[in-house]
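First the structure, in the form of structure tokens, and then the observations on it.
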Protein chains: 2
Amino acid sequence: MFKLLLPYLCFLHAYGFNCYVLMNDIEKFLTSKKVRPTAMRILVFRLLAQRQTAITLTNIENRFEKSDRTTLYRTVKTFEENGLVHRINDGSGVPKYALCEEGCECDIHNDLHLHFHCNRCDETSCLTEHKIPQINIPKGYLAEDINLVVNGLCDRCNVD
Amino acid sequence: MFKLLLPYLCFLHAYGFNCYVLMNDIEKFLTSKKVRPTAMRILVFRLLAQRQTAITLTNIENRFEKSDRTTLYRTVKTFEENGLVHRINDGSGVPKYALCEEGCECDIHNDLHLHFHCNRCDETSCLTEHKIPQINIPKGYLAEDINLVVNGLCDRCNVD
DNA sequence: TTGACTAATGCACTTCCATTGCATTCGTTT
DNA sequence: AAACGAATGCAATGGAAGTGCATTAGTCAA
Ligand SMILES: [Mn+2]
Ligand SMILES: [Mn+2]
Ligand SMILES: [Zn+2]
Ligand SMILES: [Zn+2]
């Protein structure tokens with residue numbers, strides 16, 4: 001453990017963090033997903049895990065005092081490719097990312113839950129309990145994936 | 001009629017067209033939608049009307065020998081604001097536009113049809129016959145609009 | 001018919017974000 | 001300790017949205 005922990009604490013400092021972070025669980029999880037648990041990846045993962053709503057790359061960037069957008073870009077891309085996060089296109093123009101649920105298999109398209117985008121606060125949330133209903137498409141077409149975004153007012157903004 | 005027709009033929013030439021276009025119907029339609037039927041608008045409308053699938057702004061731009069992207073941008077925006085076209089976000093990153101159906105009232109969200117995006121040819125089509133089914137959302141949320149895009153293979157690409 | 005007024009256009013420019021190339025650094029393995 | 005591949009940081013490119021402003025076109029009312 002020390003073999004891993006010590007250098008990371010060093011790195012965390014380099015990224016502007018001076019707190020100690022217990023990351024053994026995250027390390028293990030990343031490793032189980034074939035993602036090498038580097039310092040930045042652990043931080044990004046932790047950030048995603050703490051959030052209730054999806055975030056953009058710029059959003060992630062701003063959460064760190066010191067960060068390189070490219071690294072974050074590739075970090076999120078790696079996460080996506082390895083099924084740790086899924087990308088959400090909520091119509092706001094820039095993609096957002098959210099952690100996949102335990103057991104979610106977005107990559108093989110069987111966790112088709114709704115996404116809700118709030119027109120007021122611009123937050124986008126995964127409605128993981130709400131699955132996409134059966135959709136009929138014309139003869140000759142082959143469906144491989146479905147993206148359903150509901151726009152409106154989220155529960156926090158819908159209070160008059 | 002001539003009062004309108006003659007200057008337009010002149011403009012069409014300026015835009016790289018040397019054909020005569022019967023545009024009285026388009027003129028009338030644009031006027032009925034409170035959109036002043038200028039030369040460029042007529043051309044863009046005609047282009048949209050001819051297409052079976054949605055197109056991007058860049059796509060439109062490339063269809064004209066001589067064109068200004070800003071004008072096209074504002075043309076499409078005007079069309080959208082006046083309910084002539086609707087914007088489709090198919091997940092490809094750039095928005096696409098398609099003519100609204102006769103009687104479609106996208107602006108007040110009661111023509112919620114599916115959109116199909118082909119992963120192979122990247123074409124996006126309106127499935128106007130296929131309406132979005134009833135969607136349940138959590139208590140406290142207020143739905144105002146729904147975007148449903150099915151990705152897969154279109155009928156042209158789904159031939160083995 | 002003309003002149004005045006408003007709308008539309010074209011051009012230049014800015015901003016935002018995705019994406020890539022490459023040199024450097026890191027982490028692991030031998 | 002050396003070596004190798006992976007990850008990172010930096011610089012640069014490219015695509016597209018959006019804005020400001022001067023010019024031009026179209027409308028309308030004398
Ligand atoms: Mn989700
Ligand atoms: Mn449509
Ligand atoms: Zn909200
Ligand atoms: Zn296709």
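Every chain is numbered from 1, with letters handed out A, B, ... down the list of sequences. Keep in mind it's a predicted model, so treat the numbers as computed, not measured.
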Item to check | Selected nucleotide, minimal atom distance to A/Arg36 side chain, candidates D/dA16, C/dT9, D/dA6 | outcome: D/dA6

Checklist outcome for this item: By nearest-heavy-atom nucleotide on DNA chain D, the more 5' of B/Pro95 and A/Val35 is A/Val35

Checklist entry - B/Phe45 vs B/Phe79 aromatic rings, parallel, tilted or perpendicular, using cut-offs 30° and 60°? => result perpendicular

Next on the checklist: So, OP1 or OP2 of C/dC17: does either fall under 4.0 Å of a side-chain N or O from A/Tyr73?
Outcome noted: no

Item to check | Interatomic distance, B/Leu43 CG vs C/dA8 P [rounded to whole Å] | outcome: 16 Å

Checklist entry - So, is A/Arg69 close to the C/dA18 phosphate, meaning a side-chain N or O under 4.0 Å from OP1 or OP2? => result yes

Next on the checklist: Can you tell me which nucleotide in D/dA11, C/dG10, C/dC17 comes closest to the side chain of B/Thr71?
Outcome noted: C/dG10

Item to check | Integer-rounded Å distance: C/dA8 P and B/Ile42 CD1 | outcome: 13 Å

Next on the checklist: Expressed as a whole number of angstroms, how long is the span from A/Lys77:NZ to D/dA6:P?
Outcome noted: 15 Å

Checklist outcome for this item: In this structure, CG of B/Leu148 is separated from CD1 of A/Ile132 (nearest 0.5 Å) by 6.0 Å

Item to check | is_close_aromatic(B/His115, B/His130), centroid dist under 6.0 Å | outcome: no

Checklist entry - Taking CG from A/Leu72 and P from D/dC10, how many angstroms apart are they, rounded to a whole number? => result 12 Å

Next on the checklist: Ignoring hydrogens and geometry beyond distance, is the side chain of A/Thr38 in donor-acceptor contact with the base of C/dC26 at under 3.5 Å?
Outcome noted: no

Next on the checklist: Tell me the interatomic distance from A/Lys34, atom NZ, to D/dA7, atom P, rounded to whole angstroms.
Outcome noted: 14 Å

Next on the checklist: Show every salt bridge (charged side-chain N to carboxylate O under 4.0 Å, His left out) that has at least one partner inside residues 132-143 of chain B, sequence neighbours left out.
Outcome noted: none

Checklist entry - From the list D/dT19, C/dT9, D/dA7, which nucleotide is the closest neighbour of the side chain of A/Arg41? => result D/dA7

Next on the checklist: Membership question, hydrophobic clusters at under 4.5 Å side-chain separation (ILVMFWY): are A/Ile146 and B/Ile146 in the same one?
Outcome noted: yes

Next on the checklist: Less than 6.0 angstrom separating the ring centers of A/Tyr141 and B/Phe116, yes or no?
Outcome noted: yes

Checklist entry - What residues in residues 49-57 of chain B put a non-hydrogen atom under 4.0 Å from any atom of DNA chain C? => result none

Item to check | A/Arg69 atom CZ: more than 12 heavy-atom contacts under 6.0 Å | outcome: yes

Checklist outcome for this item: Among C/dT20, D/dG20, D/dT8, the one nearest any side-chain atom of B/Thr70 is D/dG20

Next on the checklist: Under 4.0 Å, counting only non-hydrogen atoms across every strand here, what does A/Thr58 touch: a base, just sugar-phosphate, or nothing?
Outcome noted: sugar-phosphate

Checklist outcome for this item: note: A/Ile60, atom CD1; C/dC17, atom P; distance rounded to Å ~ 13 Å

Checklist entry - To the nearest Å, how far apart are B/Glu81 CD and C/dA8 P? => result 11 Å

Next on the checklist: In whole Å, I'd like the distance from the CZ atom of B/Phe79 to the C1' atom of C/dA7.
Outcome noted: 15 Å

Checklist entry - NA contact type, B/Arg74, heavy-atom cut-off 4.0 Å: base, sugar-phosphate, or nothing? => result base

Checklist entry - In terms of side-chain heavy atoms of A/Asp68, which of D/dG9, C/dT9, C/dA12 is nearest? => result D/dG9

Checklist entry - Roughly how far, to the nearest 0.5 Å, is NZ of B/Lys96 from CZ of B/Arg51? => result 9.0 Å

